[in-house]
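Here's the structure we're looking at; comments come further down.
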Amino acid sequence: MSWNWEVIGETGLQFFGKVSASISHEIKNVIAIINENAGLLEDLIARSEKGIPLDPERLRTQANRIIKQVRRGDDIVKGMNRFAHSVDEPLRQTDVNDSLALTCALSNRFASMRGVALELDPSPTQVPIITNPFFLQNLIWLCLDFAMGSTGTGKAVSLKAGKTEGGAEIRFSKLEDLAAADIESFPGERETALLQALRADLVINKEMGELRLTFPVQAEG
Amino acid sequence: MKILLVDDEHELVSTLAERLSFRGIQADWAISGEEAMRLAEKNTYDVAVLDVKIPRIGGLELKRRLQSKLPVLKFIFMTGHGSEEDFRNCSAETADGCYLVKPVNIEDLIQKMNELVKVSEVSP
């Protein structure tokens with residue numbers, strides 16, 4: 001099967017750029033918080049040099065806050081690293097549940113900007129398929145982006161990956177406004193190109209307010 | 001001088017507010033546009049320091065809404081990105097240079113706030 005490489009390439013680059021910019025914003029926030037906490041420590045020391053008593057508990061609180069931000073920064077960089085390595089191989093065994101969790105983590109800031117909560121219901125077991133992990137994440141992101149615009153007053157998207165007889169599925173539910181959504185333009189050219197490349201299917205269930213992606217055990221090489 | 005700080009990072013604004021208080025500057029803080037608007041209903045401020053990327057509303061829209069409540073309020077934007085687009089948008093909304101990239105140096109921030117308040121004092 002011939003894939004629409006032009007669309008897939010452009011969509012992939014846009015996705016990579018969008019996620020990278022979001023990660024840089026998150027890292028900047030972590031650095032900014034560490035900067036303020038370190039600055040506050042300096043202020044407390046300067047005040048103690050002027051005779052204002054320094055409470056050791058206050059120092060402990062500040063140290064804990066810095067440690068918390070270092071951990072947060074480390075988690076962000078780990079996610080960024082996993083995302084960057086998703087382009088390493090065009091086809092490999094991939095846990096759909098894991099890809100969904102990573103894409104959710106990378107999308108949290110976008111969701112927060114839109115006032116939408118992402119409710120990930122993790123599968124208790126792995127959901128393995130052989131696929132292109134970057135295309136998979138890109139398709140999840142595009143569906144999630146559409147889903148976030150269809151939440152209605154609930155302002156939440158529920159996400160769940162699971163095994164099927166033929167491979168795997170991802171469900172995006174709680175989409176209260178799906179019936180009113182513009183499904184003439186979704187799936188569009190980008191989603192269609194990725195669906196073809198992954199040999200995946202997308203079913204839009206307006207009544208249930210749900211998008212369902214299904215994947216075969218093995219995509220084409 | 002009374003300041004309103006708005007950023008969705010709770011620890012950032014609360015710590016910054018405490019550090020400003022050590023320097024004799026009273027600062028209230030909010031972690032959402034809605035909270036900021038509620039504070040602006042009950043208080044007056046000289047300067048608002050806004051994150052460009054505030055969830056749901058965005059810093060530029062929040063600036064417009066705050067300005068409609070407090071017409072003489074001055075604004076400084078903070079951003080983590082430092083992108084050309086942010087710079088252009090913020091420059092169009094504020095006096096020159098009222099745009100700081102995180103992490104912000106508190107002395108630079110205070111200098112900007114003092115400049116803005118002085119300008120507003122001498123303006124007719």
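Proteins come first, then strands; the chains are lettered A, B, ... in the order of their sequence lines, and each starts at number 1. Just the heavy atoms: all of them, side chains too, but no hydrogens, waters or symmetry mates, feed the values below. These numbers come from a predicted model, not from an experiment.
- Residue A:E119 qualifies as enclosed at atom CD: its count of foreign heavy atoms under 6.0 Å is above 12.
- Inter-residue side-chain proximity for A:M113 and B:R56 is flagged as unmet; no heavy-atom pair is nearer than 4.5 Å.
- Within 6.0 Å of NZ in B:K2 there are more than 12 heavy atoms belonging to other residues, nucleotides or ligands.
- No more than 12 heavy-atom neighbours from other residues, nucleotides or ligands sit within 6.0 angstrom of CD on A:E42.
- Looking at heavy atoms from C-beta onward, A:E36 lies out of side-chain contact with B:E11 at the 4.5 angstrom threshold.
- Between A:R65 and B:E9 there is no salt bridge, since no side-chain N of the basic residue sits under 4.0 Å from a carboxylate O of the acidic one.
- Atom CG of A:N37 sits about 9.0 Å away from atom CG of B:L12, to the nearest 0.5 Å.
- Separating the NZ atom in B:K53 from the OG atom in A:S22 is a distance of 10.0 Å, to the nearest 0.5 Å.
- A donor-acceptor contact shorter than 3.5 Å is absent between the side chain of A:D43 and the backbone of B:F22.
- Of the listed residues B:D51, B:I54, B:T15, B:I57, the one with more heavy-atom pairs under 4.5 angstrom with chain A than any other is B:T15.
- In the displayed structure, B:R23 atom CZ is contacted under 6.0 Å by more than 12 heavy atoms of other residues, nucleotides or ligands.
- The 12-atom threshold is not exceeded at CD of A:E10, counting heavy atoms of other residues, nucleotides or ligands nearer than 6.0 Å.
- Contact count versus chain B (heavy atoms, under 4.5 Å) is highest, among A:A46, A:A111, A:G39, for A:G39.
- Judged by distance alone, the side chain of A:K28 and the main-chain N or O of B:K102 form a donor-acceptor pair under 3.5 Å.
- At most 12 heavy atoms of other shown residues, nucleotides or ligands fall within 6.0 angstrom of atom CD in A:E6.
- The closest side-chain heavy-atom distance from A:R109 to B:D8 is below 4.5 Å.
- The two residues B:P103 and A:A32 have their closest heavy-atom pair at CB-CA, 3.9 Å.
- Applying the 6.0 Å contact sphere to CD of A:Q126 captures no more than 12 heavy atoms from other residues, nucleotides or ligands.
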